[in-house]
Number of protein chains: 2
Amino acid sequence: MVAQRANVSRVAVSRAFNPHASLKPAKRELILRIAQELNYTPDRAARALVSGRSHLVGVIVPDVCSHWESQEIDALTTALQAEGFATLLFKTRIDYSMDEQLLAYMRGFNPDSVIAFVENVKPATLARFLDRAVPIYVHYPRSGAPEESQAGPLHDRLNVLHRTGVEQAVSLLQGYGVRRIAYVSGVDKSRANTAREHMLRVVMAERGLAPPIIAASDFSYDRAYAATLDLFRVGEGADAIFAANDVGAFGVIDALRHELNLRVPEDVKVVGFDDIAQSHWKSYNLTTVKFDLEERVRALVRLILRRLNNPDAPALEETLNTRLVVRGTVG
Amino acid sequence: MVAQRANVSRVAVSRAFNPHASLKPAKRELILRIAQELNYTPDRAARALVSGRSHLVGVIVPDVCSHWESQEIDALTTALQAEGFATLLFKTRIDYSMDEQLLAYMRGFNPDSVIAFVENVKPATLARFLDRAVPIYVHYPRSGAPEESQAGPLHDRLNVLHRTGVEQAVSLLQGYGVRRIAYVSGVDKSRANTAREHMLRVVMAERGLAPPIIAASDFSYDRAYAATLDLFRVGEGADAIFAANDVGAFGVIDALRHELNLRVPEDVKVVGFDDIAQSHWKSYNLTTVKFDLEERVRALVRLILRRLNNPDAPALEETLNTRLVVRGTVG
DNA sequence: TTGTATGCGTTATCAT
DNA sequence: ATGATAACGCATACAA
C-alpha cells in the first residue's frame, strides 16, 4: 500500500481493485500496472475485517483420500476458485461425528460458507457455531419428490434422489433372474447409507422381491471384503450384491474373485454407488448408480452464491437425480 | 468482544487466549468459560492483520484426487491442524505448470507457508510472489547423499533418496533372472519422473543390465494402460516393468492381464513407486518402492515450524529414504 | 497483573 | 471522480 503512494493516493488503489467502484479508467489501468510490477495484492485479511467476507469456504471432511470425497473436493475447489473463493480444509474424526472443538477452531477463520462431509451433526449444533454462514445439508428424500422443508434453524438443502438409479439397477438385475440380493452397507447410521438401504428395500418390495440380506460394512474396501467373505462362508450367499459405494464394491469383487473363486458377473453380479473415476478401471469395470459429480458441485456452488448474495433468504434448495451406469459387473 | 464487556475489560480477553500472556489464572479461566458460553472465538483475520501470521498454509495441487496427493493432503491437514494451522487449497492446471495469476491470487490470502505439488516452477518465481513465506522444494539428490545447496533465492528442501528402494527392487528382479526391463514414465519433465528414471538407469548400469526401455506415460492409469499395449504390440515387450507411480502400475497390470492375456507376475513382473493405500488391494497387490507418507508429512511440518520460528534462518533441510515393499507382482 | 493507546490494511461514509 | 476519516477486531508497547 505504501508503495502505491509513489504514484497516486491511497484509496484509489482500493477502488482500482473493486471493479464496480468509480474510477477513471486510465487511472485504474495505471494503478493495476504498477501493482503488478510491485507484486502487490490487496490483503484479504484486512478486506475480510471490514467487509465481513473472508472468501473462504470451509470444507469439513473425515477422510480426504476417500475417493468420492477427494473427487468432490477437487471439483469444488476448481469451481470455488473460479468464483474468487478458496477452500479451507478441516479434518474431523473418522467416525463421522463432529466435535465442537473443531467447529470453534474453524469459526475463528470466519468462513463465508461451510460444507460438511459429515453426517451426524445436527443443524442446531452447526448453526450455533456459524455466525453469518448458513449450512448446507445433503438430504435424501424418501419419496420421489422433495419433501416439505421442516422447522428448525435455517439451513439450505441439496436434495439427492436415489430412486431412479436404484430402480434401473434392480430392474436390470431382475431381468437376469436374480433372486437373492445382498446389501453390503456403509457406516451404520450415516445418512447416505440409510438412504441407500431404504431405497433399495422400497424398490425391491415394489417389484415383489424379498428384502435384501444386509451385510454390515463401513464404506471401506477392507470391511466390504471381509463382509463378503462372511456372507458366503457363514451366511447364505447371494446372486447379486449392492455395495453402499464403489470402493466397497471393489472389496466385494476382489473377495468374490480372489478368495471365494466366484466369477463376476457370471456367478454373482455387483452394483455400486457413486461412479468414481476408478470404476471404469478394467479390474473392476463396475456397474454403478451414478451421482453426477460435476452436476453436484455446480449445485453446491449455486447454493453458496445464492446464499451469499441474499443472506436473509429463506431456506434454499437444489435437487439432483441419479442414474445407472452399466458396465461389466452385471450381465 | 463486545459481549465480554459484560464481565471484564477488553484486552484481558485477548490475553486469555494467548497462553504466554500474563493474566491471573482465575480471571483467564473465567473469561474462557464465558467465551465458550457465548460461542466467542478470536477472529483470525484481525489477528493476522496485527501479528502478521495467518495460520494458513497454502497447498497448490494440480489434481486433488490423485491418490498420492490426496493421501498426502489428508495427512498434512491432520498434522497442521494439530499445530493450529489450516490448509488452504488451490488448484493449478493439470499440466504441472504454475501460472502467475494463481500465485497472485493465493498471495492475497497471506499464507504463512506454501507447499506446491507442482514441479516446473522456479524458486525465483515462487519467491517473487511470497513475502514472508519461504518455499519448500522437494529435491531428489542424484547420488546417495544430499548435495550441496546451490545459490539462488532462499528455499528449504525436502530431500528424497530414491537409491535404496530402487536398488532393492532391481536386485529382486535380477534374482528372478529378468532381462528386459521397461519403465512406464510419469509426466515428461516432472522432477519425480526424471529422478526415478535416472536412478533406475544408474542402478541397472551398476548391475550390468542394459538400459531400461522407456514407454512414455503421464502418471495416469489410462495412459499407462495404453503405453503398455504399445510396448507389447508395437514394441519389443519386457520381462519386468517399472511404473513411475502406483496408479500407473495398476494401468500396466490391467493392460497385461485383461488385454494382452499375460500373467503377472509369472510372465511379466511389475513394480510401482509410492505405496499408496490401494496397492494392497487384492486385484493389484503391488510390489512397490515405498515413500513413507507419515514420515514425509512429519518432515514437512517440521520444516514449516522451524522456518516459522526462525524466519531468517539459512536454508533448512530434511532427508527421507525409500524402501521396497514386496507383494505379489514380483515372484 | 491490568488497563490505555496505537496501528495493522482495507473498505465505507462523507465530503469535495 | 477523488480524497480525508472512521471503523473492522485484535495484539502490543507502555504506563499504572
Side-chain angles (χ1 to χ4, degrees), chain A residues 1-32 34-35 38-56 84 86 104-112 130-133 308 311, chain B residues 1-32 34-35 38-56 84 86 104-112 130-133 308 311:
Chain A
M1 198 73 180
V2 189
Q4 301 327 106
R5 296 172 93 180
N7 203 265
V8 293
S9 64
R10 302 176 49 197
V11 294
V13 180
S14 170
R15 290 198 239 266
F17 281 91
N18 281 39
H20 50 271
S22 61
L23 190 67
K24 193 156 65 183
K27 185 165 268 185
R28 162 166 292 143
E29 212 166 318
L30 175 68
I31 294 176
L32 290 179
I34 295 194
L38 268 52
N39 266 307
Y40 164 84
T41 320
D43 184 331
R44 296 191 106 106
R47 182 179 280 186
L49 202 57
V50 56
S51 70
R53 310 236 100 128
S54 60
H55 286 255
L56 258 25
Y105 180 66
M106 185 183 65
R107 227 177 68 94
F109 289 95
N110 260 315
D112 286 341
L130 270 32
D131 323 83
R132 337 183 286 288
L308 254 38
Chain B
M1 199 76 179
V2 189
Q4 304 324 106
R5 294 172 93 180
N7 203 265
V8 292
S9 65
R10 302 179 49 197
V11 294
V13 179
S14 170
R15 291 199 237 265
F17 281 90
N18 281 38
H20 49 271
S22 61
L23 190 68
K24 194 156 65 183
K27 187 166 265 186
R28 162 167 290 146
E29 213 167 319
L30 175 68
I31 293 176
L32 290 179
I34 295 193
L38 268 52
N39 266 307
Y40 165 84
T41 319
D43 184 332
R44 295 191 107 105
R47 181 178 283 187
L49 203 56
V50 57
S51 69
R53 311 237 97 133
S54 61
H55 286 254
L56 257 27
Y105 180 67
M106 185 183 66
R107 228 176 67 94
F109 289 97
N110 260 314
D112 286 341
L130 271 31
D131 323 82
R132 335 183 286 289
L308 255 37

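Order of the sequence lines sets the chain letters (A, B, ...), proteins ahead of strands, with each chain counted from 1. Predicted, not measured: the structure shown is a model, and the values here were computed from it.
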Quiz item: To the side chain of V11(A), which of dG7(C), dT10(C), dT5(D) is closest?
Solution: dT5(D)
Self-check item: Backbone of G84(B) reached by a side-chain donor or acceptor of Y105(A) within 3.5 Å
Solution: yes
Quiz prompt | Closest heavy-atom pair and its distance - D112(A), L308(A) | solution = O-CD1, 3.7 Å
Quiz item: If we fit an axis to the first five pairs and another to the last five of the helix from dT1(C)-dA16(D) to dT16(C)-dA1(D), what angle do they make, to the nearest 10°?
Solution: 30°
Exercise. Can you figure out which of dG3(C), dG9(D), dT10(C) approaches the side chain of L49(A) most closely?
Key: dG9(D)
Quiz item: Is S51(A) near enough to dT11(C) that one of its side-chain N or O atoms lies under 4.0 angstrom from OP1 or OP2?
Solution: no
Practice problem: List the atom of A21(A), the atom of R28(A), and the distance in Å for their closest heavy-atom pair. | Solution: O-NH2, 3.1 Å
Self-check item: Nearest heavy atoms of L56(A) and F109(A), plus distance in Å
Solution: CD2-O, 3.7 Å
Quiz item: What integer distance in Å separates R10(B):CZ from dT4(C):C1'?
Solution: 10 Å
Quiz item: Side chain of S54(B), backbone of N110(B): donor and acceptor closer than 3.5 Å?
Solution: yes
Quiz item: At their closest point, which heavy atom of I31(B) faces which heavy atom of A16(B), and how far apart are they?
Solution: CG2-CB, 3.7 Å
Quiz item: In whole angstrom, what separates N110(A)'s CG from dT10(C)'s C1'?
Solution: 16 Å
Quiz item: Can a donor-acceptor pair under 3.5 Å be found between the side-chain atoms of R15(B) and the base atoms of dG3(C)?
Solution: yes
Quiz item: Closest heavy-atom contact between D43(A) and A45(A)?
Solution: OD1-N, 2.7 Å
Exercise. Of all the heavy-atom pairs spanning A104(A) and T41(B), show the shortest one and how long it is.
Key: O-CG2, 3.5 Å
Quiz prompt | Atom-pair distance (CG on D43(B); P on dC8(D)), nearest Å | solution = 12 Å
Quiz item: Looking at side-chain heavy atoms only, is the closest gap between R47(B) and N18(B) below 4.5 Å?
Solution: yes
Exercise. Strictly below 4.0 Å, heavy-atom distances to any atom of DNA chain C: list the hits from residues 16-32 of chain B, or just say none.
Key: S22(B), L23(B), K24(B), K27(B)
Quiz item: Using a cut-off of 4.0 Å on non-hydrogen atoms, how would the nucleic acid contact of S14(B) be classed: base, sugar-phosphate, or nothing?
Solution: base
